[in-house]
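Accompanying notes for the structure given below.
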Amino acid sequence: MAKSKGMAGAVFALSTFIIGGILTFTGLGLIAFMKNQDLLGWGEGRSIGILLVCVGLLASIMGVLVMRVVTNRL
């Protein structure tokens, strides 16, 4: 039972970390290439890029923290 719980935590941590990295680099691309252009009617590309960078960095930090908890607790 503990192994499957530990494996689920590890998969969650790794996927969160990878998704955070993808969001971060997507946000950086939007900041660099979509400065004054509308992005699908959602708003300016630069502001959405800043949002994606912030969310991506938070997701990456959360993934690392969950990895540490899974490694040390289970």
Side-chain angles (χ1 to χ4, degrees):
M1 175 87 175
K3 271 197 175 229
S4 64
K5 191 160 90 170
M7 183 63 86
V11 168
F12 173 71
L14 189 60
S15 63
T16 305
F17 184 70
I18 289 172
I19 289 171
I22 291 170
L23 287 176
T24 300
F25 284 108
T26 302
L28 289 174
L30 286 175
I31 291 170
F33 298 119
M34 301 281 290
K35 275 199 173 172
N36 295 323
Q37 297 177 2
D38 188 42
L39 186 68
L40 302 173
W42 291 352
E44 188 179 317
R46 183 172 180 256
S47 61
I48 294 177
I50 292 171
L51 174 70
L52 288 179
V53 167
C54 293
V55 170
L57 289 175
L58 288 175
S60 293
I61 291 169
M62 187 175 94
V64 169
L65 290 176
V66 171
M67 280 186 223
R68 297 289 297 174
V69 167
V70 167
T71 302
N72 290 333
R73 303 283 178 173
L74 300 176

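What you see is a predicted model, and the numbers here were worked out from it, not measured in a lab. As a basis for the values below, the full set of heavy atoms in this structure was taken, side chains included, without hydrogen atoms, waters or symmetry mates.
Looking only at side-chain heavy atoms (C-beta outward), T24 and L52 stay at 4.5 Å or farther from each other.
Criterion: ILVMFWY side-chain heavy atoms under 4.5 Å apart, direct or through other members. Under it, L28 and L30 are not part of a common hydrophobic cluster. Cluster annotation: I50 is not connected to V55 through the hydrophobic network of ILVMFWY side chains, with a link wherever side-chain heavy atoms come within less than 4.5 Å. Linking Ile, Leu, Val, Met, Phe, Trp and Tyr residues whenever their side-chain heavy atoms come within less than 4.5 Å leaves V53 and V64 in two separate clusters. Connection of F25 to L57 is established within a shared hydrophobic cluster, with ILVMFWY side chains joined at heavy-atom distances below 4.5 Å, either directly or through further cluster members.
Expressed to the nearest 0.5 Å, how far CG of L51 lies from CD1 of I31 amounts to 10.0 Å. For the atom pair L58 CG and L23 CG, the distance stands at 10.5 Å (nearest 0.5 Å).
E44 and K35 get closest at one heavy-atom pair: OE2-O, 2.6 Å.
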Determine all donor-acceptor pairs shorter than 3.5 Å in which one atom belongs to a side chain in residues 12-21; sequence neighbours excluded.
unit_1: S15; atom_1: OG; unit_2: V11; atom_2: O; d: 3.0
unit_1: S15; atom_1: OG; unit_2: F12; atom_2: O; d: 3.0
unit_1: T16; atom_1: OG1; unit_2: F12; atom_2: O; d: 2.7

